[in-house]
2 protein chains.
Amino acid sequence: MVKNRADVEQGLPRSARGRARRAAILDAAGLLVGRRGYDGVTLRDIATAAGTTHPLLLHYFRTKDELLLAVVDTWRERAEDLGFGRDDDLDTVPERVVRLAEQNAATPGYIALFTTLSSAASAPEHPLHDHFTERYRTVLEGLRRYFRHAEATGGLVPGVDPDAAAQSIVALQDGAQVQWLYAPDEVDVPGLLRGAFGRLLVDQPG
Amino acid sequence: MVKNRADVEQGLPRSARGRARRAAILDAAGLLVGRRGYDGVTLRDIATAAGTTHPLLLHYFRTKDELLLAVVDTWRERAEDLGFGRDDDLDTVPERVVRLAEQNAATPGYIALFTTLSSAASAPEHPLHDHFTERYRTVLEGLRRYFRHAEATGGLVPGVDPDAAAQSIVALQDGAQVQWLYAPDEVDVPGLLRGAFGRLLVDQPG
DNA sequence: GTCTATACACAGATAGAC
DNA sequence: GTCTATCTGTGTATAGAC
């Protein structure tokens, strides 16, 4: 079961030093996990890099998964995700998806961590399962809404199912990022996304 | 470093009982890893499920990674992959890709294991890194050859890059399988692949 | 070759003193 | 809030009986 924001913030440090230490741990975790992968990093490594000990680290983050989840959340906030949820500016969704892919490419650690966690968390017993289930649900619903809108305004290629289109875009992004981890120079994730959108949508004038 | 076939088979059991035990371990490993994920399963769990002890398991498979790699290889042989590598019958590649996706859907454990390992092994230090690098290289090259062939015979939609098309198909398959793990009833992997092929290839008569 | 028993180093996690 | 000491479980290794 994944804690919600209120639960997690209940344990936030009160003092300035505590807050600084928490931030240092978060930083070190992001750096190391990005470099060596989820399982390649130990809590002792992270604690040492942050200038502490691992029991103290566990005082701020009750479990390793909770720490990694906090790292993901930090990055997610920075990227501000896609701004799905709002119905205004629906037409700019493709641009925003591509831009997010470009931002991701600038932070390889994020991609490595996210792809690893998202497949590991597919097991129902995984501590992050609910978090990722919800995440997929939200993103897919946002894209679905966009493609339905496109269909209604004649922007969708005839015969394409909006649900399938949404799933395909997410799948392409996730799968392409894995390939990118293996061969960063040969895979252009934003370009592949642009191509897929181009084949799903009818050409617009201008 | 991943062992090649000759190295691995050097340690194969000679007796009938040994062979049966090895097979039982392989079976149990496939089942449990498929259910609980790579890290969610211990060697002692697998050994118990196979009716043995973990030191004996390590007599047949020197390391946990070697065991999991053997599981992957077993399933790969059963599916016979795509038969890429041969240049005959190039036109049936799309059908074979879709058929493989259908076979995969029948063995959920394989998908769970493969998606988990393929992202975990993207870290260069991972014991299975070379194996998966080679695997991606082979599959991508086969698909690239197909799309080049399609381009030469006028079967490829104008403006589509054969390399990008190959990467997109693999990305779609991998990404869709992850979504399928989260929501098996809502994601139709073979259907998504059929759709993607349809948008990349010009309609054929008949 | 097959199998049991045991030991080790390291991981994540806890208890409790200050 | 912080730190020391400690626990349990994991992958791995080895010694030696049959």
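Keep in mind it's a predicted model, so treat the numbers as computed, not measured.
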- Task: Return the value, rounded to whole Å, for the distance between atom CD1 of B:Ile25 and atom C1' of C:dC3.
- Result: 12 Å

- Note on the structure: Secondary structure of DNA chain D per the Watson-Crick/G-U criterion (both distances under 3.5 Å; [ ] crossing, | other strand, . unpaired) is ||||||||||||||||||

- Query: Do the side chain of B:Arg17 and the base of C:dG1 come within less than 3.5 angstrom through a donor-acceptor pair of N or O atoms?
  - Reply: no

- Query: Which of these nucleotides, D:dT12, C:dA13, C:dT2, is closest to any side-chain atom of B:Arg44?
  - Reply: D:dT12

- Starting at CG of B:Leu67 and ending at P of D:dT10, how long is that distance when rounded to a whole Å? 16 Å

- Message: Please determine whether any donor N or O and acceptor N or O are separated by less than 3.5 Å between the side chain of B:His54 and the base of D:dT12.
- Response: yes

- Task: Please report the shortest heavy-atom distance between A:Leu172 and A:Leu192, naming the atom on each side.
- Result: CD2-O, 3.5 Å

- Query: Could you give the CG-to-P distance, from B:Leu43 to C:dA11, as a whole number of Å?
  - Reply: 17 Å

- Message: OP1 or OP2 of C:dC3 versus the side-chain N and O atoms of B:Tyr60: is any pair under 4.0 Å?
- Response: yes

- Message: Tell me the closest heavy-atom pair linking B:Phe147 and B:Leu201, and the distance in Å.
- Response: CE2-CD2, 4.1 Å

- Item | Presence of B:Thr53 side-chain N/O under 4.0 Å of C:dT4 phosphate oxygens OP1/OP2 | yes

- Query: When the distance from CD1 of A:Ile46 to P of C:dA13 is rounded to whole Å, what number comes out?
  - Reply: 11 Å

- Message: So that I can tick it off, tell me whether A:Glu102 and A:Arg99 are bridged by a salt bridge, with the cut-off set at under 4.0 angstrom between side-chain N and carboxylate O.
- Response: no

- Query: From the list D:dT14, D:dC3, D:dT2, which nucleotide is the closest neighbour of the side chain of B:Pro55?
  - Reply: D:dT14

- Message: Taking the minimum atom-to-atom distance to the side chain of B:Lys64, which one of D:dT12, C:dT2, D:dT2 wins?
- Response: D:dT12

- Note on the structure: Out of C:dT14, D:dT10, C:dT2, minimum distance to the side chain of B:His59 belongs to C:dT2

- Whole angstrom value for the distance that separates C1' of D:dC7 from CG of A:Leu58: 14 Å

- Would you mind classifying the nucleic acid contact of B:Arg21 as base, sugar-phosphate or nothing, using non-hydrogen atoms under 4.0 angstrom? sugar-phosphate

- Query: Please give, in whole Å, the distance from D:dG11 P to B:Leu68 CG?
  - Reply: 10 Å

- Item | A:Asp45 backbone acceptor or donor facing A:Thr42 side chain under 3.5 Å | yes

- For B:Leu56 and for A:Val41, locate the closest nucleotide of DNA chain C by heavy-atom distance; then report the residue assigned to the nucleotide nearer the 5' terminus. B:Leu56

- Query: Tell me: CZ of B:Phe61 to P of D:dA13, nearest whole Å?
  - Reply: 16 Å

- Message: Can you measure A:Leu57 atom CG to C:dT14 atom P for me and round it to whole angstrom units?
- Response: 13 Å

- Task: Locate the shortest heavy-atom distance separating B:Ile169 from B:Leu193; write the atom from each residue and the value.
- Result: O-CD2, 3.9 Å

- Task: On the 0 to 90° scale, with breaks at 30° and 60°, tag the A:Phe132-A:Phe114 ring pair as parallel, tilted or perpendicular.
- Result: tilted

- Between A:Tyr146 and A:Phe197, how do the two ring planes meet: parallel, tilted or perpendicular, split at 30° and 60°? perpendicular

- Message: Does D:dT12 have OP1 or OP2 under 4.0 Å away from a side-chain N or O of B:Thr63?
- Response: yes

- Heavy-atom closest pair, residues A:Tyr136 and A:Val170: CE2-CG1, 3.9 Å

